[in-house]
Amino acid sequence: MISDPITQFTAAELKLIEQMNAQLTHDTALAKLKELLQVAVEIELATIPIYLYTYYSIDRTRFSGAHMRETDIFANKAGGAVMSVAVEEMLHMSLSSNILYSLGQMPQLYLRAPQSYPAPLPFHNPQGPKGPNGGTDVRIPLAKLTYEQLWHFLQIEYPEAPDATPQDSDWDSIGQVYSYIRCLIACDHLTDADFTQGPQPHQIQGFNYSPNNTDTVHPSGKFDPWKAAPNPAIPNPPPGSDPLPSASDAAVYSNAADSHAGPAELITIGSKQDAYFAIDTVCDQGEGYSQPGLPTQEYDDQSKSELSHYYKFLTIQAQFDRFEHYVEQLPANPAPPAPVTPTMTEAGLAADKVVFDYPDNPMTADYPTEFQPISNFCNGVFQYMLVLTETLFLVPPEEQKLFFNEGMHRSMIWVLDKYIQGMRKVSIPSGKFAGKSFACTFENLDLGTREASFAALRDLGTAAIAAANTLAAADKTKYGSLASNVTYYVDQTFGVTDGTTKFMPLPDVKDFWNGDTPVSNG
Amino acid sequence: MSDTAKTAAKSLPNLKQQPETGPGTPVPAPYPYADAPAFSQTIGSQPEGVPLHACMGLNSCKAADRYGKEGHKDPVTGQMVQNDCAGQGYCATAPAHFCHVQNDCKNQGGCGLYGTAEELSNPGHNDCRSLGSCAVPINAERFSTNGPNQGKSVWARARKVFEEEIWPQTRGELLNKQEMGGLDAKCTLPDTLGPPPEEFQGRGPSYLWISDDNNDRGNMTACGSSGTSGAGGCA
């Protein structure tokens, strides 16, 4: 494992630090740092629904194993890449939140996702480099997997220019925001003691983070689903007449465990040095490893085991037919990849049904009335996950692992993921999005106070089941599976049991909040 | 749970639209597990005081496996028999579950699909409810996605952890329990574990066996969307 050094300060950063030393006081520097870290948290948060929306538009296993077509292999790879980035955006949101908390301020997540789409990321320069259709608008839509949507992903992850200045607004790359934050941290007014105001044991702990999971993995091609995974203690059987590899042999891991600065990927913050490490991990994973005077790399660290977010998306884009004639304004470094074959077209992906026909920028109000409660519950779970994340800072440290598993993991992987996958199989029958697939809209649905949010979610669940059952009663063929899916996962959320099947509920956060005020965590 | 929910729970593994050719087809021929007893969808009655476990070869006592004290039909002799000893059992006695953090209790989690390097290094070895990883039983095709065991068999890792860490401790606890009368006196507790069922050639329970030669894919499922779990997907 090669450790990554902290990025050296650029001349522009050193100049700004000097200005800050001259013009700011301890209190103004601290206030500005807190303000900008909350912006950083909201930037990271904004990317998550955008990536997840596109992720769920991809059917990664329309055909699997030995039956995969070229389009299935591509879809699975694209899905793995998008999920691998989404996982790291959650890491980045956690790191920024930990820095903010270390300064004594709770990060705000609940109701802080974008209000509508296409969404400007907070304080993004409204005009960016030219895109594939010549446009320069940097607002990011909720959209299915397309060449154009991958361009919007590139807009989010665009590498910082070598001569870029630190920016607290009107930024062209997210790295510029973090650059400004680094300067504030480095200024003489702030000391290590400022980063000890939120105890480290209450921050989000590294033991909760894993870079890969089965969703960040993709198969390199066709594989034999019946072959056992290798047992190191016994030799593999001869391949025989079946030349296909096992799933384990075909597996490609999009993320690498050593892609970080400092001691680990998810670290807690108790000093300036910790904050620098966290920021380097965020910037390098997103935009690529760089040092002043050297070109930005396509990899995110010196071991070259993981591509940056920017390059992951560019590599997926490079497999589309349009890439060969691309007109996007890409940075000189890292150099774009050569076109990747076999070439994919959007029409081909649609014909092979590996991409669901998701609507662009849907809102629940755009769906037919009887679909709206089902959409509301999806948004409710999304918002409750943000409440759960805030609550992590309030849970007694010795209980954080259990709370994380039962709250974060269960809500994301077990409830939201499966609920959305059930929704997307349904075609919207009427209205603005007639004929499109039913998608989660990721809205800032108001669950009331944090203290009462679980109860509000329960009401949404009840309404979703009722709506789904009404749909199924009217047309069981079309909506029977949807009703089963909605009921099953709402029941999972609240631990409903019939005495024989026991579901484990999400934790209710009410004991940690008094209205929206944290109950003291000691 | 409502009737609709019951239907949903029962039909969950089949929610995924299946491609025309059918997942996993063609299956290997001839069926490689003809000498093994058929996978049981239910868990037989267990010897008193024996801990539940996550998979094949992780049992602490004779008869403490999927078939329980009732035993299984020996495909060769036609007789009902029990597994002989600790480490020789067929498959999980812990409640089946699909995903990370859904385990009921200590040492009942599977592993491999989701979880940290630490968790994925310790399949079938977790402290408590909700602290285990992934689906049970642990099918032979499943590999770890993180940590030192990345890309390798989860079942093989589980067996190794059981041999080296769980069994020495569990054996001591069970010997004490037996002395106090809290464990079936017939339960022998050998120093060295017996080998897992030989039909599976040291690779654990294949999904082909669990699914009854791919005829009943509802017997288990594992979550995840990449299609590489070897046991379908939940959605």
Requested in this report: Identify which part of A:N76 has an atom lying under 4.5 Å from any heavy atom of chain B, answering side chain, backbone, both or neither.
Outcome: side chain

Query raised in the report: Taking C-beta and beyond as the side chain, do B:M56 and B:W155 meet within less than 4.5 Å on heavy atoms?
Result: yes

Report summary line: Most contact-rich option vs chain B, by heavy-atom pairs under 4.5 angstrom, among A:I234, A:N255, A:D249, is A:I234

Query raised in the report: Looking at B:S153, B:S226, B:G227, B:A156, which makes the most heavy-atom pairs under 4.5 Å with chain A?
Result: B:S226

Query raised in the report: Taking all atoms of both residues into account, what is the closest heavy-atom pair of A:P211 and A:V87, and its distance?
Result: O-CG1, 4.0 Å

Requested in this report: Kindly say whether the aromatic ring centers of B:F200 and B:W209 come within a distance under 6.0 Å.
Outcome: yes

Report task. Below 4.5 Å from any heavy atom of chain B, which atoms of A:Y55 appear? Answer side chain, backbone, both or neither. Result -> side chain

Requested in this report: Could you have a look at B:G230, B:G204, B:P28 and say which one has the most heavy-atom pairs with chain A under 4.5 angstrom?
Outcome: B:P28

Query raised in the report: Do B:D191 and B:R171 sit within salt-bridge range, that is, some charged N less than 4.0 Å from a carboxylate O?
Result: yes

Requested in this report: Return the minimal non-hydrogen interatomic distance between A:L244 and A:D224, and the atom names on each side.
Outcome: CB-N, 3.8 Å

Requested in this report: Identify which part of A:F404 has an atom lying under 4.5 Å from any heavy atom of chain B, answering side chain, backbone, both or neither.
Outcome: neither

Query raised in the report: Checking heavy atoms, do the side chain of B:Q150, its backbone, both or neither come under 4.5 Å from chain A?
Result: both

Query raised in the report: Who wins among A:A472, A:P232, A:A250, A:P230 for the most heavy-atom pairs under 4.5 Å with chain B?
Result: A:P230

Query raised in the report: With no hydrogens and no angle check, do the side chains of B:N146 and A:Y253 hold a donor and an acceptor under 3.5 Å apart?
Result: no

Query raised in the report: Is it the backbone or the side chain of A:Y209 that comes under 4.5 Å from a heavy atom of chain B, or both, or neither?
Result: backbone

Query raised in the report: When heavy-atom pairs shorter than 4.5 Å are enumerated against chain A, which of B:A117, B:S206, B:G202 gives the highest number?
Result: B:G202

Report task. State, with a plain yes or no, whether a side-chain heavy atom of B:N139 is found less than 4.5 Å away from one of B:M220. Result -> yes

